2 protein chains.
Amino acid sequence: MSISVSIVEDDARVRASLARLIDSAPGFRCVSNHSSAEDALKEIPKFKPDVVLMDINLPGINGVECARQLKPQLPATQIIMLTVYQNTEHIFNALAAGATGYMLKQTPPVELLAAIKEVNAGGSPMSGHIARKIVQSFQQPVNDSPEAQSLSPREAEVLDLLAKGFLYKEIAESMKVTYATVHTHIRHIYEKLHVRSRTEAVAKHLNQNRPRRELAAQP
Amino acid sequence: MSISVSIVEDDARVRASLARLIDSAPGFRCVSNHSSAEDALKEIPKFKPDVVLMDINLPGINGVECARQLKPQLPATQIIMLTVYQNTEHIFNALAAGATGYMLKQTPPVELLAAIKEVNAGGSPMSGHIARKIVQSFQQPVNDSPEAQSLSPREAEVLDLLAKGFLYKEIAESMKVTYATVHTHIRHIYEKLHVRSRTEAVAKHLNQNRPRRELAAQP
DNA sequence: GGTGCTATCCCCATAACTGGCGATGGCCGG
DNA sequence: CCGGCCATCGCCAGTTATGGGGATAGCACC
């Protein structure tokens with residue numbers, strides 16, 4: 001059975017050439033193509049393609065948002081974003097929106113077909129530098145938070161308990177010191193972190209230990 | 001200039017066959033091979049290879065830990081993990097430890113050479129299903145936090161500002177309502193979230209909106 | 001042996017938060 | 001049309017946190 005593909009791309013020439021590429025390749029067929037996200041959202045669910053090639057930069061609703069709305073309706077369909085954007089924000093948003101592949105438009109036709117095959121086989125094709133960026137997001141958050149981590153061990157301990165929502169007096173008990181000591185530690189923490197409230201400190205703390213990545217931006 | 005490769009692999013036969021593969025391929029040379037992480041840590045820095053192929057399952061220090069210690073010394077060297085493990089924990093730990101590629105041992109020789117070339121060119125080669133797992137970690141964690149998300153839009157808004165460390169009165173201004181209203185919203189939030197303090201609520205909130213992934217486990 | 005940092009403790013005043021009890025009006029669904 | 005939820009507002013009492021001011025002791029480093 002050949003792999004069915006839908007295309008979402010506003011540039012008529014690019015759209016046509018993609019369709020031609022896919023239809024002429026053995027094992028692939030282009031079942032539909034769409035010039036806008038609105039059209040894609042209406043039509044693609046009827047075709048239930050195996051794979052969707054989605055441009056990001058569409059007029060009106062963009063490709064990321066289109067993917068976000070399409071994916072829940074077609075969980076079995078794999079979406080490959082096809083774009084010129086290489087910045088991490090676009091990449092992460094696209095993946096969070098449900099895309100499973102992310103290829104640059106400059107990708108040669110042969111590789112594009114390989115990518116479609118791969119995504120259909122359970123993989124996640126990505127252009128080389130894109131993959132590298134994704135992998136880098138796993139790497140050490142370069143946790144040199146500018147000012148902060150000069151916190152002493154004891155202070156860090158306090159902050160940790162603070163983050164769990166304990167009261168000063170509970171922290172005091174838990175650390176076997178008096179309320180006053182906790183108080184002092186916390187004042188020092190505030191100074192070092194340049195914050196004015198417990199919650200800010202906690203937010204900073206949590207963001208430091210997991211600054212992985214932003215949530216998908218809402219359109 | 002050919003790509004220099006070091007191998008870390010405890011199985012002598014596998015090690016030898018990898019070395020043979022690399023040395024016989026044009027454009028690649030195997031500059032060293034090591035049967036243990038200890039040996040690798042001592043020797044590899046002398047060779048400064050372009051790429052290291054690293055087995056995960058080593059006796060003594062494992063491959064992930066070896067990568068973690070090696071990478072800071074050789075920031076320009078790319079590490080490809082080469083293993084049989086497909087579980088997400090190993091993958092994430094390896095990437096967090098500084099690996100830039102993650103290939104399964106069953107990968108055919110041609111693809112392995114391609115992977116070495118790709119990692120050297122700034123990419124991040126990964127076996128298909130591995131890549132998919134990584135991408136999935138970006139996707140919505142199906143955020144059905146048990147009790148919570150019955151927060152009304154307005155309440156969610158308040159909680160968000162709360163998490164940023166604003167005072168009630170600042171939130172009130174920002175939302176164009178009175179202090180009393182903020183107060184009430186917050187009381188409702190506390191009830192719904194079953195917490196007794198602002199910080200607990202924030203902690204719950206932050207944990208909900210970004211339970212992305214665990215930090216790399218320390219060995 | 002002094003200087004600096006950490007950890008420990010104390011007091012005090014102000015400001016902010018928490019948690020009761022209400023209350024009004026709007027909107028929705030039975 | 002009533003009950004339920006939401007959003008808005010108010011008052012009050014009690015608790016907690018914040019931000020000053022100290023102080024002492026240990027430890028390390030020069």
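Predicted model only: the values in this text are computed from it and were never measured. Just so it is clear: chains get the letters A, B, ... in the order the sequence lines come, proteins before strands, and each one is counted from 1.
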> To the nearest angstrom, how far is B:Lys192 atom NZ from C:dT18 atom P?
Replying inline: 17 Å
Anything under 3.5 Å between a protein N or O and an N or O of nucleotides 9-13 of chain C, put it in a table, one pair a line.
residue: C:dC9; atom: OP2; partner: A:Thr178; partner atom: N; Å: 2.6
residue: C:dC9; atom: OP2; partner: A:Thr178; partner atom: OG1; Å: 3.3
residue: C:dC9; atom: OP2; partner: A:Thr181; partner atom: OG1; Å: 2.6
residue: C:dC9; atom: O5'; partner: A:Thr178; partner atom: OG1; Å: 3.2
residue: C:dC9; atom: O5'; partner: A:Thr181; partner atom: OG1; Å: 3.2
residue: C:dC9; atom: N4; partner: A:Thr184; partner atom: OG1; Å: 2.8

>> In this structure, how many angstroms lie between the C1' atom of C:dA7 and the NE2 atom of A:His188, rounded?
In response: 9 Å
> Under 4.5 Å between any side-chain heavy atoms of B:Met175 and B:Glu170, yes or no?
Replying inline: no
> Is the side chain of A:Tyr190 donor-acceptor paired with the backbone N or O of A:Arg198 at a distance under 3.5 Å, no angle test?
Replying inline: yes
> Rounded to the nearest Å, what distance is computed from the CD atom of residue A:Glu173 to the C1' atom of nucleotide D:dT16?
Replying inline: 15 Å
> Do any N or O atoms from the side chain of B:Thr77 and from the backbone of B:Pro49 form a donor-acceptor pair under 3.5 angstrom?
Replying inline: yes
> Does D:dA17 have OP1 or OP2 sitting under 4.0 Å from an N or O in the side chain of A:Arg198?
Replying inline: yes
> Would you call the rings of B:Tyr168 and B:Tyr179 parallel, tilted or perpendicular, where under 30° means parallel and over 60° means perpendicular?
Replying inline: tilted
> Of A:Phe166 and A:Glu191, whose nearest nucleotide on DNA chain D comes first from the 5' end?
Replying inline: A:Phe166
> Which angle, to the nearest 10 degrees, lies between the helix axes at the two ends of the helix from C:dG1-D:dC30 to C:dG30-D:dC1, each defined by five pairs?
Replying inline: 50°
> Is a side-chain donor or acceptor of B:Glu43 paired with a backbone partner of B:Asp39 at a separation under 3.5 angstrom?
Replying inline: no
> Charged N to carboxylate O under 4.0 angstrom, B:Arg15 versus B:Asp55?
Replying inline: no
> Heavy-atom distance under 4.5 Å between the side chains of B:Phe166 and A:Thr199, does that happen here?
Replying inline: no
> C:dC17 P sits how many Å from B:Leu161 CG, rounded?
Replying inline: 13 Å
>> By the 4.0 Å heavy-atom rule, please label B:Tyr190 as base, sugar-phosphate, or nothing.
In response: sugar-phosphate
>> What is the separation between atom CZ on B:Arg154 and atom C1' on D:dC5, rounded to the nearest whole Å?
In response: 16 Å
>> Could you tell me how far apart B:His185 (NE2) and D:dG10 (P) are, to the nearest whole angstrom?
In response: 13 Å
>> Pairing donors with acceptors under 3.5 angstrom, does anything connect the side chains of A:Thr184 and A:Thr181?
In response: no
> Can you check whether A:Leu104's main-chain N or O pairs, donor with acceptor, with A:Ser127's side chain at less than 3.5 Å?
Replying inline: yes
> Rounded to whole angstroms, how far apart are CE on A:Met175 and P on C:dT8?
Replying inline: 6 Å
> To the nearest Å, how far apart are B:Tyr168 OH and D:dT15 C1'?
Replying inline: 12 Å
